[in-house]
Every structure is written in C-alpha cells, then in structure tokens.
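Shown next, in structure tokens, is the structure this report addresses.
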Amino acid sequence: MKDEKLQKALARMGLGSRRQMEEVIRSGRVSVNNAPATIGDRVQQGDEIRVDGRQIKYNAENEKRRRVLAYYKPEGEVCSAKDPEGRPTVFERLPKLTHDRWVMVGRLDINSTGLLLFTNDGEMAHRLMHPSSEVTREYAVRVLGEVTPDIARNLTAGVMLEDGMAQFEDIKEGGGEGVNKWYHVKLKEGRNREVRRLFESQGLKVSRLLRTRYGTISLPKELRTGRFLELDKKEINTLTDLVSLRPRYGTGLHGAAKEKQERIKSKPLKARRADSRSDKSHSSKPKSSGSPASRGNRHTRGRGDKR
C-alpha cells in the first residue's frame, strides 16, 4: 500500500500549506497511531491521525476524488468560513462534504465580485495561490477617471506599495462613458486589495471590480451571482497541469452529478444576492454605466463586479 509524507497529507486535506503543517508537527500537535509525530513520518490508509486531539479522516491520495467548484461571488459576502459580525460568507452556499472540506483559492474583498475557486485538495489550492506559481488572475475594473498612457506605463512597469513592488501584466481599455471607464487587467499574484491599491496609487478610484479568470478557468457565461458550477475532469486537469500536479483517478463529474450539471448549464439558476439566504431571493439588475456588460463582453455580460 502506497504511503506519503505526513506534512504533505495534512496539506492535501486542506489543513494549511505544507510549511504550516511542518510547524504544527514540530510543535507537538500531531499524533499518528497514538504516538507523537515528527517531520518525515509517513502515513498510509488505516493510520489514525490526530491534530490537537481531533481525528483527521485520511484518504490516500489516489483514492480521494479531486473536486473543484467555480463560484460567482456577489457583493456583500465575506471570504471566510465564519464572520463574527454575522455577515453572509462564501462558504454558506457550497455543497456539504462528508469527511472533507472546501478550501478557497484566493480571496475577494467584501465589495468585489466574480470568480472564486474552491477545491477539496489543499495542496492544489496552495500551489494555485503561491506567488512562485505565477498564476494569472484577470479582472474587469470600472475606474472613476481615465488611465492615461503615462499611468498605464506606471502600472505595468511597477509601483511601490506599502508591502512591496506590484504591477499589472497587462491593462486594456474596456469601454465606458463619462467619468467611469472600464479596464481589463491581469496580474500574477493576489495580495490584499492589490488591484484597488494599484489604481489608487495613481490617484484613481475603483468603483466596481469583477474577477473574470483565475489561471485556466474563466467565469462561466452561464453562471449567475451566488451560484456555483462543479468543474469536470478536463477543466480540473488544466489547473493541475498549470501547477505541476499529477492527475488523480476519479477526478471530475460522473453519473447523475454530471447530468445535473449539464441541466444547470443549459438552464442557469437565478442569481442570488448576498443578503438573501434562500433560493427564493432574486437579484436586482445593475444600472448601466457604459460597462462592458452593456457591450456584450463575454466575461462581464449580465453581471455585477468587483475585487
């Protein structure tokens, strides 16, 4: 029976990054078969693993089906499992897992909307988020003011923010009328409010922000706010290829789940607002402001936005 390193197994199960799990093991918080664990221990199916006394359901890497969700975050939801202020969170509308957990890939602030990925593979999530992977994120941004050629050069050459240099890989005009202009930007990291802070460094204010792509996955055109779609094998494998992970047996949708997904794609579910906790809610249509949505852009058609 194949075994694997303990820290890798814990990271894969979504408990943190591999480095974080090494620190947890060093601190004596992990046991394997009732014995204190050490860095380099190997585990296999049937071993009893506990973290802080809580038993962790272990599935061997090749036995656990890798799953990925694409979720369209609405404005007003918080990117955390629980919120002390009682605000709705992005996890509340995800399907429940048995002996497993969803790990969020990247974050969006409460005022931003768009694509969020979730996976049950912690190692995959860690690699997709790590700066060394240089995974491209793409956003549609509505800015109060105009990005002049000089400002565009500054933003692509690099700007010193309070937490270091930052830059867009690319910036293109996206239309708009009056003082509100739309732009499409790409960058290869996901620091806190980075897109907004880059524009603010040039004296511009972001009024709406929508993430349209993360890595190889674009926001599906049939997906509505507050809803999710589960990715199939081909889409998941493009992500794992991007961060040099091996494909896993059983990945993707099968049987009734695959049929249900196809029905949702052909007849999309209604959008849901962040302040509506039931399926009976309906979203209000955003006012037109010369956005790419009103021009039929494939990434922003019929959507609200932000990051």
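A donor-acceptor pair under 3.5 Å is absent between the side-chain atoms of R137 and the main chain of R213, judged by distance alone. Remark: side-chain polar atoms of S80 are paired, donor with acceptor, to backbone N or O of K82 under 3.5 angstrom. Q261 places a side-chain N or O within 3.5 Å of a backbone atom of E230 that can act as its donor or acceptor partner.
Using a 4.0 Å cut-off between a side-chain N of Lys or Arg and a carboxylate O of Asp or Glu, E123 and R127 qualify as a salt bridge. Using a 4.0 Å cut-off between a side-chain N of Lys or Arg and a carboxylate O of Asp or Glu, D121 and R248 qualify as a salt bridge. Salt-bridge formation is detected for the pair R50/E48: a Lys NZ or Arg NE/NH1/NH2 atom is positioned less than 4.0 Å from an Asp or Glu carboxylate oxygen. A salt bridge does not link R273 with E75: every distance from a Lys NZ or Arg NE/NH1/NH2 to an Asp or Glu carboxylate oxygen is 4.0 Å or more. The existence of a salt bridge linking E77 and R87 is excluded, since no basic side-chain nitrogen approaches an acidic carboxylate oxygen closer than 4.0 Å.
A donor atom on one side chain and an acceptor atom on the other are found under 3.5 Å apart for S207 and R142. A donor-acceptor pair shorter than 3.5 Å cannot be found between the side chains of R227 and Y72. A donor-acceptor contact closer than 3.5 angstrom is absent between the side chains of Y183 and E146.
With respect to D3, the side-chain hydrogen bond (donor to acceptor under 3.5 Å, both in side chains) criterion is satisfied by exactly one of Q44, Q45, R42: R42.
Closest non-hydrogen pair, L6 versus A37, comes out as CD2-CB, 3.4 Å.
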